Peer 1: 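Before I ask anything, let me first share the structure, which is written out below as structure tokens.
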Amino acid sequence: MKITSIKSHVLKYELEKELGYSQQYYKHRTAHLVEVQTNEGITGWGECFGPGNIALANKFIVEKVIQPLIIGEDPLNKEHIWQKVYNLLRDSGQKGMPIQALSGVDIALWDILGKKTNSPLYQLVGGKCNNEVPVYGYGMMLQKKSVDELIPLFEEEAKQIKSKNFKAMKMKVGLGPKEDLKLVQAVRNSIGEDFKLMVDANHAYNLKDALYVGKGLDELDVYWFEEPVAPEDFNGYRELKKNISTSVAGGEAEFTKYGWNKLITNNCIDIAQPEVCGLGGITEYLKVAALAQANFVPVINHVWGSAVSIAVNLHLLTAQPDMPGGLFPTKSMLEFDTTEKNIFITDLPKENFSILDQVKNNNGFASVTDNVGIGINPNEEFIKEFEVNE
């Protein structure tokens with residue numbers, strides 16, 4: 001079998017209302033899919049992390065930089081292809097967009113392997129450790145409003161997420177330390193003391209402000225404090241981890257086994273959040289997960305993107321062993337976008353693929369199907385309707 005072409009599809013549509021996180025607001029939702037075709041008629045699908053104009057830059061890297069390097073290669077030789085691309089781009093692309101672009105290509109190669117061998121992805125990466133995976137909902141994005149205006153909106157959204165049977169929920173912060181704690185307090189009061197609540201700062205704080213917020217989160221029994229400081233600030237992560245009792249989570253902006261090795265061995269995080277569509281794809285994700293396991297760091301994947309990303313992560317979590325093992329282990333959770341209806345999740349796949357229905361009907365859990373590969377295939381007509389041609 002040989003790779004005959006690699007196509008990149010950047011999809012985009014306008015949201016009804018502007019949403020934001022601590023770094024910016026955005027009015028459009030985007031997704032970046034990668035399609036790898038072979039001479040045997042088998043097509044694999046993957047996804048690259050990175051929104052907006054970043055996706056357009058990654059499209060160029062996929063088609064104009066990576067594609068010429070691997071046309072004619074056997075797509076089943078995933079490790080060889082990964083190392084070849086990384087080594088040839090190493091001088092210019094150890095992190096960031098080149099690795100995001102490689103991630104989408106690599107995922108598509110695993111999808112091809114599943115289709116070639118008539119196997120679902122979870123069997124290819126170790127088999128089934130979990131019959132079902134708990135799902136948490138993330139929402140409560142920032143808007144251009146004061147904290148007093150946001151409080152009732154967040155309170156209502158939190159109640160809606162809880163009512164849909166999610167096992168936990170995550171909210172955004174980034175207004176400022178005192179305002180953020182006021183917002184978290186309101187959400188905690190809204191959902192009660194016994195429901196898991198996570199707080200995502202998207203590296204909004206310096207260490208001093210992160211310590212102030214983190215100690216406040218300790219009082220509110222928050223399950224984890226996500227990306228509190230800049231991803232480069234290993235010392236900040238380490239100091240925060242030593243001085244608050246709330247678990248510190250991070251890693252969505254870290255790349256490859258090399259970056260993850262430093263993050264973990266520097267004792268920066270309590271919870272690892274690898275982004276398979278960004279860190280280097282499934283080939284590299286498996287090595288990062290092994291690093292985390294070897295250092296007794298629980299893995300709860302970061303998930304952002306379309307149904308392709310969600311399907312891939314559901315397979316990876318299905319194959320993830322308990323860490324540490326025990327009679328009543330705490331299971332890793334699947335992250336799911338609960339903001340304004342995301343048609344890149346609901347309408348993209350040809351197959352019936354509804355995490356929301358599973359969560360509602362299965363008391364907060366979702367399960368993979370035995371469909372081959374990643375389990376879903378994008379609808380080409382849908383892609384044509386929303387593809388950006390720039």
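Computed from a prediction, not measured in an experiment: that's the story for all the values here. Heads up: numbering here begins at 1 and tracks the sequence.
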Peer 1: Does the ring of Phe234 carry Lys262 above it, NZ/CZ under 6.0 angstrom from centre and within 45° of its axis?
Peer 2: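 Judged by the rule, Lys262 and Phe234 form no cation-pi pair.
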
Peer 1: Is the positively charged end of Lys95 above the ring of Phe255, judged by distance under 6.0 angstrom from the centroid and angle within 45° of the axis?
Peer 2: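 Lys95 over Phe255 ring: no.
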
Peer 1: Ion pair present between Lys2 and Asp74, side-chain N to carboxylate O less than 4.0 angstrom?
Peer 2: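 Answer for the salt bridge query: no.
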
Peer 1: Without hydrogens or angle criteria, can the side chains of Glu275 and Asn301 be said to hold a donor-acceptor pair below 3.5 Å?
Peer 2: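 Result is no, nothing qualifies.
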
Peer 1: Give the intermediate values and the outcome of side-chain hydrogen bond (donor to acceptor under 3.5 Å, both in side chains) for residues Ser5 and Gln37.
Peer 2: CA-CA 5 Å; Ser5 75; Gln37 297 178 341; 2.8 Å; yes

Peer 1: Using the rule side-chain contact (heavy atoms from CB on, under 4.5 Å), only one of Trp224, Phe225, Tyr223 pairs with Ser247; which is it?
Peer 2: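 Testing Ser247 for a side-chain contact (heavy atoms from CB on, under 4.5 Å) against Trp224, Phe225, Tyr223 leaves exactly one candidate, Trp224.
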
Peer 1: What orientation do Trp82 and Tyr86 show, parallel under 30°, tilted 30 to 60°, or perpendicular over 60°?
Peer 2: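 Judged by the thresholds at 30° and 60°, the geometry between Trp82 and Tyr86 is parallel.
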
Peer 1: Between the side chains of Asn58 and Gln100, does any donor sit under 3.5 Å from an acceptor?
Peer 2: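 Yes.
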
Peer 1: Could you check whether Tyr21 and Trp304 have their ring centres less than 6.0 Å apart?
Peer 2: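 For Trp304 and Tyr21, the ring centres are not under 6.0 Å apart.
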
Peer 1: With under 30° as parallel and over 60° as perpendicular, where do the rings of Tyr122 and His315 fit, or are they tilted in between?
Peer 2: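 Parallel, since the angle between the ring planes stays under 30°.
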
Peer 1: Please determine if Lys84 and Glu73 form a salt bridge, counting it only when a charged side-chain N lies under 4.0 Å from a carboxylate O.
Peer 2: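 Result for this pair is yes, salt bridge flagged.
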
Peer 1: With side-chain hydrogen bond (donor to acceptor under 3.5 Å, both in side chains) as the test, would you mind laying out the steps for Tyr205 and Asp180 before giving the verdict?
Peer 2: CA-CA 11 Å; Tyr205 309 120; Asp180 289 340; 2.5 Å; yes

